[in-house]
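Reviewing the structure listed below.
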Amino acid sequence: MHKHLPNSFVFLDQYNNNIFQNNNTNIGVIYRNYNHPKRESELIKIAKACKKNRYLLFVSNDIKLALKVRADGIYIPAFNKTNKFQNLEKKNLIVLGSAHNQKEIREKISQKCRAIFLSPVFYVKKSNKFMDIYKFNLLSLANNINIFALGGINENNICKLKLLHIKGFGGIGIFKK
């Protein structure tokens, strides 16, 4: 399992043809729709598009579904605190996680995550709390793991990512445009 991690990740909750029209193969797709009635059929459509475009595919919180669509890995959200994702190296799955503070970062490291999305970096509508550059870099430099920026990234502040100590970034809204 020596797959390298892409520099950018797209978070999807449904199939979006615009995302798969990009010629860049250094993109990962994270499917994280937890309660869609046609979740499996939607994910199969996304998996086919990912294989065609050579994107890495990660399924959020569902090992069985990830194995069924032959995903490249699992994404563990910050709210998931279980240790049931411990032995996924044997199944050849990459484990990614997300965190909002130092305690959650330590938790994701104990869950054997290969990389962590630290969020929110910039202002987002659903939360008044965000890290900005200084706090983000403090957390990123304090931990010996691949850190990706997530949250509030848009056209106005994407240039600020160069100031962060990151492996790459993930986005939801920035890729929908």
Side-chain angles (χ1 to χ4, degrees), residues 1-33 42-63 65-78 80 85 88-89 91-100 104-105 108-109 111-122 124 131 136-137 139-141 143-155 157-177:
M1 180 182 67
H2 295 292
K3 294 179 183 174
H4 79 283
L5 292 173
N7 293 337
S8 55
F9 284 86
V10 180
F11 285 78
L12 291 179
D13 52 4
Q14 63 185 16
Y15 179 80
N16 184 346
N17 192 38
N18 295 337
I19 297 218
F20 299 106
Q21 292 176 353
N22 189 345
N23 291 332
N24 183 2
T25 58
N26 198 13
I27 294 176
V29 174
I30 298 174
Y31 179 71
R32 61 170 202 165
N33 193 337
E42 193 76 18
L43 180 57
I44 290 170
K45 199 174 0 175
I46 291 170
K48 286 179 183 176
C50 284
K51 297 291 183 214
K52 180 182 173 191
N53 292 299
R54 295 184 303 167
Y55 294 171
L56 292 183
L57 175 64
F58 297 85
V59 178
S60 181
N61 249 355
D62 196 334
I63 298 169
L65 197 54
L67 292 171
K68 186 173 186 174
V69 298
R70 296 184 179 174
D72 298 291
I74 292 287
Y75 167 75
I76 308 171
N80 188 330
F85 302 102
L88 292 180
E89 296 93 22
K91 294 184 176 13
N92 211 17
L93 292 173
I94 301 169
V95 181
L96 304 176
S98 67
H100 302 96
E104 289 179 358
I105 291 172
K108 295 303 166 193
I109 291 171
Q111 288 177 328
K112 307 279 192 217
C113 291
R114 191 159 144 195
I116 298 172
F117 289 92
L118 194 52
S119 72
V121 181
F122 303 114
V124 288
M131 291 180 219
F136 184 93
N137 279 337
L139 288 172
S140 180
L141 291 166
N143 296 286
N144 189 19
I145 192 164
N146 292 322
I147 298 285
F148 287 84
L150 179 67
I153 300 167
N154 58 36
E155 296 86 21
N157 60 23
I158 197 161
C159 59
K160 289 183 180 179
L161 293 179
K162 293 176 186 172
L163 301 172
L164 300 175
H165 183 260
I166 56 173
K167 168 95 169 86
F169 71 99
I172 301 167
I174 192 166
F175 290 105
K176 288 184 179 178
K177 295 173 182 168

Considering all heavy atoms of both residues, which atom of [X] and which atom of [Y] are nearest to each other, and what is their separation?
X: His4; Y: Asn26; value: NE2-OD1, 3.8 Å
X: Ala78; Y: His100; value: CB-CE1, 3.3 Å
X: Val121; Y: Ala149; value: CG2-CB, 3.7 Å
X: Leu5; Y: Lys167; value: O-NZ, 3.5 Å

Problem set entry | Atom NZ of Lys51 with >12 non-hydrogen neighbours under 6.0 angstrom | yes
Any donor-acceptor pair under 3.5 Å linking the side chain of [X] with the backbone of [Y]?
X: Lys108; Y: Pro77; value: yes
X: Asn137; Y: Leu163; value: yes
X: Ser140; Y: His165; value: yes

Exercise. ring-ring contact (aromatic ring centres under 6.0 Å, His included) with Phe58: which residues, sequence neighbours excluded?
Worked result: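 Result, ring-ring contact (aromatic ring centres under 6.0 Å, His included) vs Phe58: Phe9.
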For this session: List in chain and number order the residues that pass ring-ring contact (aromatic ring centres under 6.0 Å, His included) with Tyr55, two or more places apart in sequence or in another chain; answer none if no residue qualifies.
Result: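 With neighbours one apart ignored, the set is Phe20.
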Problem set entry | Member of Leu150, Leu139, Ile145 meeting the side chain to side chain contact (heavy atoms under 4.5 Å, CB included) criterion with Ile116 |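 With Ile116 as partner, Leu150, Leu139, Ile145 yield a single side chain to side chain contact (heavy atoms under 4.5 Å, CB included), made by Ile145.
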Set of side chain to side chain contact (heavy atoms under 4.5 Å, CB included) partners for [X], sequence neighbours left out:
X: Ala66; value: Val59, Ala71, Ile74
X: Leu67; value: Ile63, Lys91, Leu93
X: Asn157; value: Phe122, Ile153, Asn154, Lys160
X: Ala47; value: Leu57, Val69

How long is the span from the [atom1] atom in [X] to the [atom2] atom in [Y], to the nearest 0.5 Å?
X: Ser60; Y: Leu43; atom1: OG; atom2: CG; result: 11.0 Å
X: Asn16; Y: Lys45; atom1: CG; atom2: NZ; result: 10.5 Å
X: Asn143; Y: Ile109; atom1: CG; atom2: CD1; result: 5.0 Å
X: Cys50; Y: Leu56; atom1: SG; atom2: CG; result: 8.5 Å
X: Ile30; Y: Asp72; atom1: CD1; atom2: CG; result: 11.5 Å
X: Leu118; Y: Ile147; atom1: CG; atom2: CD1; result: 5.5 Å

Using a 4.5 Å cut-off on heavy atoms from C-beta on, say whether the side chain of [Y] contacts that of [X].
X: Asp13; Y: Arg32; result: no
X: Arg114; Y: Ile94; result: yes
X: Ser119; Y: Met131; result: no
X: Asn33; Y: Glu42; result: no

Only counting residues at least two apart or in another chain, list the ones meeting side chain to side chain donor-acceptor pair (under 3.5 Å) with [X].
X: Asn144; answer: none
X: Lys68; answer: Glu40
X: Tyr75; answer: Ser98
X: Asn61; answer: Asn80

Problem set entry | Test ring-ring contact (aromatic ring centres under 6.0 Å, His included) applied to Phe11 and Phe117, Tyr31, Phe169, Phe148, the passing residue | Phe117
